[in-house]
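Single-structure report; data block below.
Position 1 is the first residue of the sequence; numbering continues from there. Counting starts at 1 for both ligands and their atoms, in listed order.
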Amino acid sequence: GELKKRVDRIDIAGCEPGEEDAFYVADMGEVYRQHMRWKMNLGRVKPFYAVKCNPDPEVLRLMAKLGNGFDCASKTEIDLALKTGIDPSRIIYAQPCKTRSYLRYARQKGVKQMTFDNADELYKIKNDFPDAELYLRILTDDSTSLCRLSMKFGASLDTARALLDLAKKLELNVVGVSFHVGSGAEDPGAFLKAAQDARWVFDQAAEVGYELHTLDVGGGFCDDTFEQFAAILSKAVDDLFPAHIRIIAEPGRYYVAAAFTLAANVIARRDVFDPQTSSGSYMIYLNDGVYGNFSNIIFDHQHPIAQILTCANGSVPPTPGLTASGSSTPDPSADDPLRVPAGVEYSIWGPTCDGIDVISSQIVLPGLVDVGDWLYFEDMGAYTRCSATRFNGFPDNHDVIYVSSESGASALLEY
Ligand code: PLP
């Protein structure tokens, strides 16, 4: 509804530059429902929302109101989280390799909780923030996840004991263990194995003289598999960690992926009818692409699906090739009563000069999309806008229209 309302107000033939820019509609009710679903299934685990996934200010405001913490990766993310008015104890600086000036900044702001996974980091922390509350991030098997993280971060179990010994020698304050099974994880067994490894590290830490109080199970939760993962994780933590151990998590994608829908305008079209094969398709060019909000195609290995929002030519599927050949291509199956109209074939491209800027290399849509029409894409809330660039001079600060399909969220956000 909101998508349509907005595009109906835009006059493509006469509008100012940029008025037809791509924009989002964000349903805060969806974020709220995900929170309730989390509480139902993972009641013992307190979420620290991963700001990197989508630092939208209204999302952060809702997280704060819901009582969640924040997982921050940088000074800017710490500032964004603090701007919601939360206490610094609700932040974990979950980046095992930190910028030294950011470490001092965290100290100045009272953001004590942070992760580490190597000896050099411990020496830095000793210098810049000696009374920080440290979580040893351990390596996981992330081989089935969409975005693998373990080639970059995580201490192997072979090194965990030496790191704990060093931390003790440096008189640092280790309080917990963290892990991340990889973003978009597919194997719930990865959580079980990681929880077992974390238990082993808790026991090693006890031998060194640390009484760890928190386990951080990271992110990696997906919409489709959430209940299955949550069941395995809940059982693992209940079996392995007594009730006085606090369990936290760093979900990102789970909370926001489905809440954001992106609308983009068709700025150009090219008919690629092939007279040799009597078949054809159209190349259409949108005003957003992989260098913009579709950065999730490159960085997050996603395949956003286009749907028609407005189509001035209507939704009866005509045969492509009309504009190139001047006459319609004969369709051999047109007389078949069982034939389902297949629609028109397109490839969808972004607005930059680069050939890598392709959103869909082949998709069939039920209408003849033309310049000025609008397409929309659901599930565009995770790792999209936050990794957009301004390459070729296209903007990365798209408007967001906030709505709420859930009264609980409306009440919390006062709209
Ligand atoms: N925590 C850390 C340290 C991460 O690196 C990430 C994602 O890269 C997340 C949490 C969020 O992961 P997800 O969006 O899969 O929940």
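Every atom of ligand 1 is numbered from 1 in the order shown, and the set under 4.0 Å from a heavy atom of Glu250 is 1 (N), 2 (C), 3 (C), 9 (C), 10 (C), 11 (C), 16 (O). The atoms of ligand 1 that sit less than 4.0 Å from any heavy atom of Ala94 are 3 (C). Listed by number with element, the atoms of ligand 1 under 4.0 Å from a non-hydrogen atom of Gly252 are 13 (P), 14 (O), 16 (O). Atoms of ligand 1 lying under 4.0 Å from at least one heavy atom of Gly220, given by number and element, are 12 (O), 13 (P), 15 (O), 16 (O). Shown in contact with Arg137 at under 4.0 Å from a heavy atom are these atoms of ligand 1, numbered in order with element: 3 (C). Residue-ligand proximity, Ser183 to ligand 1, at heavy-atom distances under 4.0 Å covers atoms 12 (O), 13 (P), 14 (O), 15 (O). Proximity to Arg253 (heavy-atom distance under 4.0 Å) selects the following atoms of ligand 1: 13 (P), 14 (O), 16 (O).
Only side-chain heavy atoms of Ala50 come within less than 4.0 Å of ligand 1; its backbone N, CA, C and O stay farther off. At a heavy-atom distance under 4.0 Å, only side-chain atoms of Asp71, from C-beta outward, approach ligand 1. Contact annotation: for Gln95 versus ligand 1, there are no heavy atoms closer than 4.0 Å. Residue Tyr383 touches ligand 1 through its side chain alone, judged by heavy-atom distances below 4.0 Å.
Between Arg253 and Asp379 there is no salt bridge, since no side-chain nitrogen of the basic residue lies less than 4.0 Å from a carboxylate oxygen of the acidic one. A salt bridge links Glu414 with Lys65: at least one charged nitrogen is closer than 4.0 Å to a carboxylate oxygen. With respect to Arg161 and Asp165, a salt bridge is recorded, a charged nitrogen being found less than 4.0 Å from a carboxylate O. Ion pairing between Asp79 and Lys109 fails under the 4.0 Å rule for side-chain N and carboxylate O. Salt bridge absent: Lys98 and Asp128 never bring a charged side-chain N and a carboxylate O closer than 4.0 Å.
Side-chain contact check for Asp21 and His398: no donor-acceptor pair (N or O, by modelled atom type) lies under 3.5 Å.
Remark: minimum distance from atom 5 (O) of ligand 1 to any protein heavy atom is reached at Lys52 NZ, 3.6 Å. Nearest non-hydrogen protein atom to atom 9 (C) of ligand 1 is His180 NE2, 3.2 Å.
Between Phe241 and Phe202, the ring center distance clears the sub-6.0 Å criterion.
With Val175 as reference, Glu133 is the one residue of Glu133, Lys112, Gln113 to meet the side-chain contact (heavy atoms from CB on, under 4.5 Å) rule.
Considering backbone and side-chain N/O atoms, Pro251 never comes within less than 3.5 Å of an N/O atom of ligand 1. When only interatomic distances are considered, the shortest N/O to N/O separation between Gly219 and ligand 1 does not fall below 3.5 Å.
Between Tyr383 and Asp300, the shortest heavy-atom contact is CD1-OD2, 3.7 Å.
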>> Evaluate Tyr291 against Phe394 for ring-ring contact (aromatic ring centres under 6.0 Å, His included), listing each step before the verdict.
In response: CA-CA 9 Å; Tyr291 286 98; Phe394 292 99; 9.9 Å; no
